[in-house]
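Worksheet for the structure shown next.
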Amino acid sequence: MPSHDNSEIATATKNGVPDRTDRPNDDRYDPQRVEAKWFSRWQSDPQLYAAEPNSTKKKYYVLEMLPYPSGVLHMGHVRNYSIGDALARYMWMNGYNVLHPMGWDSFGLPAENAAIQNNTPPRQWTLGNIAKMKVQMNRIGFAYDWSREVTTCLPDYYRWNQWFFLKFYEKGLAYRKKSRVNWCPKCCTVLANEQVVKGRCWRHEDTLVEQRDLEQWFLRITKYADELLRDLDKLAGWPEKVRTMQRNWIGRSEGTLVDFKLDYAEKHSGFGPAGSTITVFTTRIDTIFGATSVQLAPEHPIVADLAAANPELRAKVDQLIAEQRKAKEVGDIGEIEKHGVPTGRYAINPFNGEKVPVWVANYILIDYGTGAIMSVPAHDDRDYEFAKKYKVEIRLVILPISNDPEETMAEPSLPYIGNEGMLINSGAYSGLECSAAIKKMSAFAEQNGFGKATITYRLKDWGISRQRYWGTPIPMLYCEKDGIVPVPEKDLPVILPENIEIALAFGSPLSGLPEFVNATCPECGGPARRETDTMDTFVDSSWYFYRYTDAHNYHAPFDSKTAQYWFPIDQYIGGIEHAILHLIYSRFWSKFMRDIGLITNDEPIERLFTQGMVIKDGAKMSKSLGNIVSPDEMVARYGADAARLYSLFAAPPDRDLDWQDAGIEGIQRFLGRVYRFVLRNAKPDDSDLRRAVSTDLPPGARAIRRKLHQTIKRVSDDFQGRWHFNTCISAIMELMNALYVYEEAAASAHVGRALPSTSSGQALPATANSATAPVGPSQPEPADVALLAEVQRDLVLLLAPFAPYLAHELWEMLGEKGNLLKASWPQYDAALAKEEELEIPVQINGKLRSKIVVPADASEEYILERALADEKVQAAIAGKQIVKKIFVPGKLVNIVVR
RNA sequence: GCGAGAGUGGCGGAAUUGGCAGACGCACCAGACUUAGGAUCUGGCGGGUAAAACCGUGGGGGUUCGAGUCCCCCCUUUCGCACCA
């Protein structure tokens, strides 16, 4: 083995387990030695994991969500990347042209906070963190194509954010509007939601956060609302959970807008600036004859008008607003106690001319629908609860229709919210069925000018302005003469200046830099002011995976042809916390890119996998709980292979993982067993031997071969979709256990010792509990050297996606010369995997009474005959009458007796 | 309140289609090897019993020859949420 400099890595063991390498002829598996050796080999070959640019192979794009460079890798990362890395290696071994890149989501608030706390410039802090994390990732051995690395905070990337922004603007999809933000009067700056703690500024505990309206840039994602919703149906490779969440997030709702005029006959004076009409949104216009009040959100403009002349109402309304805000803060807006205040005014139901009271209620939200509803207590839960509390009239207008004629037309228990019913007490519409009534009544409202059918979405346009420093500058100029002017494409990128003292900045940091703010208008050449807001970092992550396909393109965000080859992403892997925002923005961005002709795919991601959290002692790992497990420490103590193998073994990847330090030791033991087995059994001329495996093996060897092929099947099948890598690794462990027993038995045979055997004199089982057919020789038989060569080779291949360091080492020990990643994934042979004998449980009345061993191809007649002849079965059915015999091929026999 | 998950030995988990509950690993116990063992190898290991019977997948019902798995009700717990009209 070549010598190498491994000082940096190998020394790490010293603070872990005591060093025992002083023992002579040590056969101990030393992960530090093995991993240091391969680490330096891999590091010296930057092309090792490079995707092939012009390949005729089938492509496979596997991607893990890019991390924020906090400076330290945590176990959640290790788990996420171990899943993707295993898949990438598996696909390489299956002959695919694999794209497996990595990058850095490197703009964002923490860099500015670090700047404030440690006085480190954000750029320096960020790039330093990236360097640290890259070392950690490489040490664990993740197979990334670093030549395509994307760092979003560098101008060669963010210039294309700016370019995209200009395209959005060009197409009328970027616009400005006033929007409410959190404002700290002490910092004179905008706060992110996470910077607001219990209504106060995180840096000034004594300062209440205010709400301010600022002009901000928005992207018109709502234009794509319908398509984003519709195309969810195409995403068959996504978890249903995520699709449901996105569906609810988009929140399409078909309904009707209906105008209720404020009543003139009232004595109160004229109307305020909000006018005299309350437009409500309802999905159930068929219930409008049951409307007994109109409810307004406390922040509705008409409420402001009404309250202007009524200080008492104003105070009550303010109280409702406060309740809403508080509920929102503590996150239980759904459990708010319903409160309302009558305004004293009335509105007219346009369908029957009836006057109904107008209320203000805390359960009506200003930013959904029109911020006003018609209240139909008989047919809506919330309205019912409200009406009961405030003694508002409840009027039944729908009767349920049921298949049961008795039930039909019976008065339902209230509220009846079903929409399979018939209208009553509804004038000309009485007798109509609900859905027909909705159509008819919507049309009527529209014809008479007091309403129209409409679709509302819960989805809102994407506000991308951030009043912060560490982000992509929005490429816009404000000229006194020409107004809002986009920066010309040729002037991109607008470089984020670096000579800035964040800690001293007051208000929006960039606005304090005259050399940044002062610009020239490209239209008139006169003075212009530069936009000082930067972009939301979700912009960066919305399209970065396209940049990977062509990371160094200077003339475009990427080459369309190249992207078309790689897209869609075959498998995307990340945390469930990104189920909504990142994944919906990414889909939106792709659709926009398609519409401006950059790409042809409608959706960016074919399959999505969401992995579970890593928890410790029943709680999410966090600094405050002190239950952090550091990957560096694990790697130093047990090696990278053990750390990644354990992160896959401890739980199915889509479930939360309960980290147990003791568990990883078992993994290390297993790796040691594999290592020592190969150390003992590898023969220099293995490659010749493999071809010489006899077709006529003795029973013990046949059983090992069978176990091997069963294992290949189990591991391969899981890669095809189920991804329960924990059971894959179990399967490989089982194979290893069987090999140890086989080896031991063969050694006994060789020296003529008695075989270890079970008391029954039956074949030696692989393990005492082995539920499957016995593995191991029933007669002493020497180890089949050729078979062992074959098994070892396949074993190493099976292990390669999960424990690459050890796999490479063993590969070399077996005398293999070629790159393990280019070696073919082993294929299982169904005939070899098939059991020769089956153990069939025999049940009497569903209770296990005996087990019989039969040839795998035994007929039903034979098996039933054998089952009935069985001693224990005979005893159990003696004197009873056999009612039924259940036979499930390959599974069991159940005899029903009376 | 709504939506989506989860609940199986001392612990992490397995059981892929309704068919032997507890694979694999940890911990623990025993034996072997050893000057030594926190190394290694072998075996044991749900409760219960001398052995059986029997009991056992959060609780209660049900369907079925047969239920961890399907149905109904309930409890606990995790995650998400925006009372969505």
- [ ] Assign a letter to each nucleotide of nucleotides 5-18 of chain B from its 5' end: B, base within under 4.0 Å of a protein heavy atom; S, sugar-phosphate only; -, no contact.
- [x] ------SBSSSB--

- [ ] Give D383(A) one of three labels, base, sugar-phosphate or nothing, depending on what nucleic acid heavy atoms sit under 4.0 Å from its own.
- [x] nothing

Open item on the list: Applying side-chain hydrogen bond (donor to acceptor under 3.5 Å, both in side chains) as the test, list every pair that has at least one member in residues 644-656 of chain A; sequence neighbours left out.
Closed with: D85(A)-R644(A)

Open item on the list: Among residues at least two apart in sequence or on other chains, which ones pass salt bridge (Lys or Arg N to Asp or Glu O under 4.0 Å) with R714(A)?
Closed with: E734(A)

Could you tabulate the donor-acceptor pairs under 3.5 Å formed by side-chain atoms of residues 722-731 of chain A, not counting sequence neighbours?
| unit_1 | atom_1 | unit_2 | atom_2 | d |
| --- | --- | --- | --- | --- |
| R722(A) | NE | D718(A) | OD1 | 3.3 |
| R722(A) | NH2 | T727(A) | OG1 | 3.4 |
| W723(A) | NE1 | F719(A) | O | 3.4 |
| T727(A) | OG1 | D718(A) | OD2 | 3.4 |
| T727(A) | OG1 | H724(A) | O | 2.8 |
| S730(A) | OG | N726(A) | O | 3.1 |

TODO: Return the set of residues passing salt bridge (Lys or Arg N to Asp or Glu O under 4.0 Å) with K460(A) (not counting sequence neighbours), or none when no residue passes.
DONE: D367(A)

Please tabulate the protein-to-nucleotide N/O contacts below 3.5 Å involving nucleotides 51-56 of chain B, giving atom names and distances.
| unit_1 | atom_1 | unit_2 | atom_2 | d |
| --- | --- | --- | --- | --- |
| rC54(B) | OP1 | R849(A) | NH2 | 3.2 |
| rC55(B) | OP2 | K847(A) | NZ | 3.1 |

Open item on the list: Tell me every residue that passes side-chain hydrogen bond (donor to acceptor under 3.5 Å, both in side chains) with T244(A), counting only those two or more places apart in sequence or in another chain.
Closed with: none

- [ ] Kindly state which residues belonging to residues 285-294 of chain A come within less than 4.0 angstrom of RNA chain B, counting heavy atoms of the residue only, listed by number.
- [x] none

TODO: May I have all residue pairs that pass side-chain hydrogen bond (donor to acceptor under 3.5 Å, both in side chains) and include part of residues 870-892 of chain A, sequence neighbours excluded?
DONE: S850(A)-D870(A)

Please report, to 0.1 Å, the donor-acceptor pairs under 3.5 Å made by any side chain of residues 289-297 of chain A, with sequence neighbours excluded.
| unit_1 | atom_1 | unit_2 | atom_2 | d |
| --- | --- | --- | --- | --- |
| T292(A) | OG1 | E393(A) | O | 2.7 |
| S293(A) | OG | Q295(A) | NE2 | 3.1 |

Task: Residue pairs, two or more places apart or on separate chains, that pass side-chain hydrogen bond (donor to acceptor under 3.5 Å, both in side chains) and touch residues 246-257 of chain A - done: D226(A)-R252(A), Q246(A)-R587(A), R252(A)-E254(A), T256(A)-S442(A)

- [ ] Check RNA chain B against residues 875-883 of chain A and give the residues with a non-hydrogen atom under 4.0 Å, in numerical order.
- [x] none

- [ ] Would you classify E240(A) as touching base, sugar-phosphate or nothing, given that sugar-phosphate means primed atoms plus P, OP1 and OP2, and contacts are heavy atoms under 4.0 Å?
- [x] nothing

